[in-house]
Amino acid sequence: MLLPTRHVGQRFTIDDVMRCFGLAQNNSARARVFRLQKDGLVEKVDEFVDNGTTKAKYKKTGAVMI
């Protein structure tokens, strides 16, 4: 499973993944990002606080899964 380049940028958040894949729950988006991290396709690059909630920014590593 790869994130389509035309839908999410090089840096993205869980909210961006939810919007891209049309997911209603952030748990599903978190699971996708976790699997991508495990496969080495994305990495966490930043954390920020939004409305009292800590959120993370991720970036694509440039690795390709075949």
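Note that this is a predicted model, so its numbers are computed, not measured. Residue numbers count from 1 along this sequence.
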Which atom of [X] lies closest to which atom of [Y], heavy atoms considered:
{"X": "Val42", "Y": "Lys60", "value": "CG1-CA, 4.2 Å"}
{"X": "Val17", "Y": "Leu23", "value": "O-CD1, 4.5 Å"}
{"X": "Lys44", "Y": "Tyr58", "value": "CA-CD2, 3.7 Å"}

Next on the checklist: Closer than 3.5 angstrom, by distance alone: can the side chain of Thr54 be matched with the main-chain N or O of Val49 as a donor-acceptor pair?
Outcome noted: no
Checklist entry - Looking at residues at least two apart in the chain, or sitting in another chain, which of them share a side-chain contact (heavy atoms from CB on, under 4.5 Å) with Asp15? => result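 With sequence neighbours excluded, Asp15 shows a side-chain contact (heavy atoms from CB on, under 4.5 Å) to Thr13, Met18, Lys55, given in chain and number order.
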Next on the checklist: Under the rule for side-chain contact (heavy atoms from CB on, under 4.5 Å), what residues qualify as partners of Arg30, not counting sequence neighbours?
Outcome noted: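 Expected list: Ile14, Asn26.
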Checklist entry - Looking at Glu43 and Lys59, does any basic side-chain N land under 4.0 Å from a carboxylate oxygen? => result yes
Checklist entry - Are any of the side-chain heavy atoms of Phe12 and Lys57 separated by less than 4.5 Å? => result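 No, too far: nothing below the 4.5 Å cut-off.
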Item to check | Candidate pair Phe34 and Leu36, rule side chain to side chain contact (heavy atoms under 4.5 Å, CB included), full reasoning | outcome: CA-CA 5 Å; Phe34 177 76; Leu36 291 169; over 6 Å; no
Checklist entry - Hey, what do you get for CZ (Arg11) to CG (Asp46), rounding to the nearest 0.5 Å? => result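 So the gap between those two atoms works out to 7.5 Å.
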